[in-house]
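Let me begin by presenting the structure, written as structure tokens, before commenting on it.
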Amino acid sequence: MKQDTIASKVGRPPKFKTALELAQVADQYFAECEANPIEISTRKSAGSENSAKNGSKVKASEYKESVPTPYTIEDFCDFANINGWTSFKSAKQYQSEEFSTIIRAIEQRIRGQQIRGSLVGLYNANLTARINGIADKTDLNVNTEQQQSAEDALKALKGQK
């Protein structure tokens, strides 16, 4: 019996002892992102496209713009010193209802901020869709059916000659 208790204590101690600890680290991460927007340089031309085509000189001015730092699972893991989100979520010690609720809330907040940012043009919508598994589904069967019917038509034409 003593061996069972010793064996059960083998392994790395959990990173977060309570779900509240995880929630506090997540709040710190979100606050850090909000406090540190990303500055991007943008070039804007003063003239119109037509004046540039006509040979007129177009002045281009460069200005800096602050964009909110996008939340990402990878950055959160780095901030919280977590090796990998998937393995973290599936770890036995984080399977309780309290941890599951906090983990879902973190994922939803990150995903929501990314989607809202892409909807208003702050972030690349295509990249946001890929990261979050949001994609337009294309029916590829239509293309293969059309290709097969075209091949059949060619064979029929060759057979008539």
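Starting from 1, each residue takes its place in the sequence as its number. Note that the coordinates shown come from a computational prediction; the quantities given were computed from them, not determined experimentally.
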Look up atom [atom1] in [X] and atom [atom2] in [Y], then write down how far apart they are to the nearest 0.5 Å.
X    : Y    : atom1 : atom2 : value
I110 : F76  : CD1   : CZ    : 6.5 Å
N132 : Q114 : CG    : CD    : 4.5 Å
Q113 : S118 : CD    : OG    : 10.0 Å
T128 : I134 : OG1   : CD1   : 8.0 Å
F16  : F88  : CZ    : CZ    : 5.0 Å
Q95  : S90  : CD    : OG    : 7.0 Å

Exercise. Could you walk me through whether Y94 and I102 pass the side-chain contact (heavy atoms from CB on, under 4.5 Å) check?
Worked result: CA-CA 10 Å; Y94 302 121; I102 298 299; over 6 Å; no
For this session: Step by step, work out the side-chain contact (heavy atoms from CB on, under 4.5 Å) result for I106 and W85.
Result: CA-CA 11 Å; I106 291 169; W85 186 247; 4.1 Å; yes
Hey, quick one: are [X] and [Y] part of the same hydrophobic cluster, counting side-chain heavy atoms closer than 4.5 Å, chains of contacts allowed?
X   : Y    : answer
I73 : I103 : yes
I40 : L127 : no
I38 : V120 : yes

Note, [X] side chain near [Y] side chain (heavy atom, < 4.5 Å):
X   : Y    : result
Q93 : F99  : no
K15 : L22  : no
V25 : E21  : no
P70 : D75  : no
P68 : Y123 : yes

For this session: Would you list the pairs meeting salt bridge (charged side-chain N to carboxylate O under 4.0 Å, His left out) in which at least one residue belongs to residues 85-107, sequence neighbours left out?
Result: K89-E107, E97-R104
Exercise. Does any pair with a residue in residues 110-135 pass salt bridge (charged side-chain N to carboxylate O under 4.0 Å, His left out), and if so which ones, sequence neighbours excluded?
Worked result: none
